[in-house]
Asker: 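I have a structure I would like to understand better, so I am pasting it below and will then ask my questions one at a time.
Worth saying up front: this structure is predicted, and the values here are computed from it rather than measured. Numbering of ligands and ligand atoms starts at 1, following listing order.
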Amino acid sequence: MALYSDKVMDHFRHPRNVGVIENADGVGEVGNAKCGDIMKIYLKIDNDIITDVKFETFGCGSAIASSSMATELIKGKPLSQARELTNQAVTEALDGLPAHKIHCSVLAEEAIQKALEDYYHRQGIPCEETPVTCHTCCSGEE
Ligand code: FES
């Protein structure tokens, strides 16, 4: 069996939603200290719906495929759905990733959660009231 599924190869070769949203409503950037890869997600939100999402990923093929798939999974969806997006869902949608590449899909989940967190903060919602775990200003310790 091939190491990477056709879906991974497709999203790696033709990533969806690559780019920057200049006037984004939420931005999340995460990095993996071990591999050094970096992922940045931009969200445009209107009335609790993710109307647009873009990503920039400096990383491996699996990280690019994961970002691409993750953005497809939340585009046009309500915030509640984006909050629940897990790296398992991203991996499943890609028809799997090799075990040593699972951490790449975690990066996508984390970047989206961080962008949501940024959005809630920009709305003036205090940490304890945001529906996501705040990592930026309280290190997730709330
Ligand atoms: Fe670092 Fe894939 S190897 S995100």
Asker: Please identify which atoms of ligand 1 are closer than 4.0 Å to at least one heavy atom of Lys101.
Answerer: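 Taking each heavy atom of Lys101 in turn, ligand 1 has 3 (S) under 4.0 Å.
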
Asker: Quick one: closest heavy-atom pair of Ala108 and Met39, and the distance?
Answerer: CA-SD, 3.4 Å

Asker: Would you name the heavy atoms of Val8 and Gly96 that are closest together and state the gap between them?
Answerer: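 Heavy-atom minimum between the residues: CG2-O, 3.6 Å.
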
Asker: What residues, two or more places apart in sequence or in another chain, satisfy salt bridge (charged side-chain N to carboxylate O under 4.0 Å, His left out) together with Arg13?
Answerer: none

Asker: I'd like to verify the contacts: list protein N, O or S atoms under a distance of 2.8 Å from atom 1 (Fe) of ligand 1.
Answerer: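 For atom 1 (Fe) of ligand 1, the protein N, O and S atoms that sit under 2.8 Å away are Cys35 SG, Asp37 OD2.
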
Asker: Just jot down the salt bridge (charged side-chain N to carboxylate O under 4.0 Å, His left out) partners of Asp37, sequence neighbours excluded, or say none.
Answerer: none

Asker: According to the salt bridge (Lys or Arg N to Asp or Glu O under 4.0 Å) rule, which pairs have a member within residues 77-94, sequence neighbours left out?
Answerer: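 For residues 77-94, and leaving out neighbouring residues, there are no salt bridge (Lys or Arg N to Asp or Glu O under 4.0 Å) pairs at all.
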
Asker: Considering non-hydrogen atoms only, spot the tightest contact between Asn87 and Glu109 and give its length.
Answerer: N-OE1, 2.6 Å

